[in-house]
A.B. asks: 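My questions will all concern the structure given below.
Note that the structure is a prediction, hence the values are computed from the model and not measured. Just so it is clear: chains get the letters A, B, ... in the order the sequence lines come, proteins before strands, and each one is counted from 1. The basis for the numbers below is simple: all heavy atoms, side chains too, and nothing from hydrogens, waters or symmetry mates.
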Amino acid sequence: MMFPISGVHLNPVILVAVGFVVGVCGGFFGVGGSFLAGPALYGLGLPLNFVIGTDLAHLTGKSLVAVRRHSALGHVDMKFACLMMIGTLPGVEVGARCIQHLKMTGQLDRVVGPIFAAILGLIAAFMTVEVVATLRAKRARSASSGKSDRSAFAGVAKRVQNLPFPPFVKLPRSNIPRISLWSIVAVSFVSGVCSGFLGGGAGYIRMPSMVYLLGIPTHVAVGTDLFEVIVSASYGTFTHALKGNVDILVALIMHTGGAIGAEIGALLTQYCQGIWIRAAFIPLPVIGAYILLRRMGAG
Amino acid sequence: MTPQQKSELRWFFPETLIYAVLVAAYCWAVFHFFGPVLRKLSAEHRLDYAMLALALMVVQGFLLERIAHAIITMFHRDKKVAS
């Protein structure tokens, strides 16, 4: 099938299938999924500039569907999402400026690739340790209570919540009675820097940070992270469309599968305990690191 | 599984099916009726194209989902009244 905007021939069935897989992952894990969709679109033959812009357009639609479903399930903390924006937006700008600086000094490939792969590897390793420790503790208690969302590293989040730096905010939907605004801004700023520095929505960093550092329940972290993806992907779609990097027809066809996948992924979270969502999340950063290292190896 | 979850799951699949049909029809309509217009806009009027691209995505992601939900809610209500 010929796509007149990007001028390439692509198989629409494969586009729908890619959209579906990314949609399920996005709806279930609360990530944008650009680390899966990007290489897939590039592999199908879409030029790289269109890969970036079109992927963002598709993410916007898919995240809208998933957030709607998560919101109906009570998994979106709007107050927390708005507070996260305070740190995310400047963070993205700082990350993008770091990239510009490295580009000018010619250090981009040598610095970004290994840092990204190391961060992804560390996240996967940390989450594996946490999931194993939590499962062991759970077995020792030998009592699981429905949708309970305990973490073996809950102490870290407790310490962060007790930091004595005013102003403080209350997040009733996330079951947090009091937390310093600065903690939220710091976490969102760092994830924003990663997003601007490494590209994509950085959900693979933001989602675990929300759970382990701020103590947000996993289900709420998934839904709220998707809300952040809507904002950043909408902005990205608009700015890339202005630069001629978006083939909206490819994005719409991908979204045919993505919308259904996102609905299914979001619904599945309702039937999974937080610990299992975190356990299933572990391969994602590993896949991302593998794709990156392969691309670096290819030159 | 709670009774509420069971009920949600029962209505989820028909709603998703209706949504899938609406999304596919919308995609086909945009491709056939607006394809040439979008191509022209992307080449000559980037600002219009950017706004239209975002609007098309929002309609597909949000509006069609609301329509599917409204259809299934209407059907659900009719069934309740009939029984």
A.B. asks: Under the 3.5 angstrom rule, does the side chain of B/Tyr49 hit a backbone N or O of A/Val246 as a donor-acceptor pair?
C.D. replies: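 Answer holds: yes.
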A.B. asks: Counting only non-hydrogen atoms closer than 4.5 Å, does A/Met1 touch chain B with its backbone (N, CA, C, O), its side chain (CB onward), both, or neither?
C.D. replies: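 Looking at A/Met1, just its side chain touches chain B.
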A.B. asks: Determine the minimum heavy-atom distance between B/Phe31 and A/Met2, stating which atoms define it.
C.D. replies: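 Shortest heavy-atom separation between B/Phe31 and A/Met2 comes out as CZ-O, 3.7 Å.
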A.B. asks: Only pairs of heavy atoms separated by less than 4.5 Å count here; which of B/Ser42, B/Ala53, B/Gly35, B/Ala43 has the most with chain A?
C.D. replies: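 Among B/Ser42, B/Ala53, B/Gly35, B/Ala43, the one with the most close pairs to chain A is B/Ala53.
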A.B. asks: For chain B, find which of A/Thr239, A/Asp247, A/Ile248 contributes the most heavy-atom pairs closer than 4.5 angstrom.
C.D. replies: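 Heavy-atom pair counts peak at A/Ile248.
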A.B. asks: Which heavy-atom pair separates B/Met57 from A/Thr60 by the least distance, and what is that distance?
C.D. replies: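 Reported closest heavy-atom pair: CG-CB, 4.4 Å.
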A.B. asks: When only heavy atoms count and the cut-off is under 4.5 Å, which of residues 61-69 of chain B reach chain A?
C.D. replies: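 Near chain A, by residue number: B/Gly61, B/Phe62, B/Glu65, B/Arg66, B/His69.
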A.B. asks: Side chain, backbone, both or neither: which part of B/Tyr26 has a heavy atom under 4.5 Å from chain A?
C.D. replies: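 Only the side chain of B/Tyr26 comes within 4.5 Å of chain A.
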A.B. asks: When rounded to the nearest 0.5 angstrom, what distance separates OG1 in A/Thr256 from CH2 in B/Trp28?
C.D. replies: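 A/Thr256 OG1 to B/Trp28 CH2: 14.0 Å, rounded to 0.5 Å.
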A.B. asks: Side chains of B/Phe12 and A/Ile264: does their closest heavy-atom pair fall under 4.5 Å?
C.D. replies: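 B/Phe12 reaches A/Ile264 side chain to side chain.
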A.B. asks: Identify which of B/Leu38, B/Leu17, B/Val30 forms the greatest number of heavy-atom pairs closer than 4.5 Å to chain A.
C.D. replies: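 Greatest number of close heavy-atom pairs with chain A: B/Leu38.
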A.B. asks: Side chains of A/Phe238 and B/Leu47: closer than 4.5 Å at any heavy-atom pair?
C.D. replies: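 Sidechains of B/Leu47 and A/Phe238: in contact.
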A.B. asks: For a quick test of reading the model, state the closest non-hydrogen atom pair linking A/Leu252 to B/Gln60 and the distance between them.
C.D. replies: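 Residues A/Leu252 and B/Gln60, closest heavy atoms: CD2-OE1, 3.1 Å.
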A.B. asks: Is A/Lys79 atom NZ crowded by more than 12 heavy atoms from other residues, nucleotides or ligands, each under 6.0 Å away?
C.D. replies: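 Atom NZ in A/Lys79 is crowded, with more than 12 foreign heavy atoms closer than 6.0 Å.
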A.B. asks: Counting heavy-atom pairs under 4.5 Å with chain A, which one of B/Glu15, B/His45, B/Arg39 comes out on top?
C.D. replies: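 Option with the greatest count: B/Arg39.
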A.B. asks: Using a 6.0 Å cut-off, check whether atom CZ of A/Phe50 has over 12 heavy atoms from anything other than its own residue.
C.D. replies: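 Enclosed: over 12 neighbouring heavy atoms sit under 6.0 Å from CZ of A/Phe50.
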A.B. asks: What closest approach, in Å, do A/Ser234 and B/Leu54 show between heavy atoms, and which atom pair accounts for it?
C.D. replies: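 Closest heavy-atom pair between A/Ser234 and B/Leu54: O-CD1, 3.8 Å.
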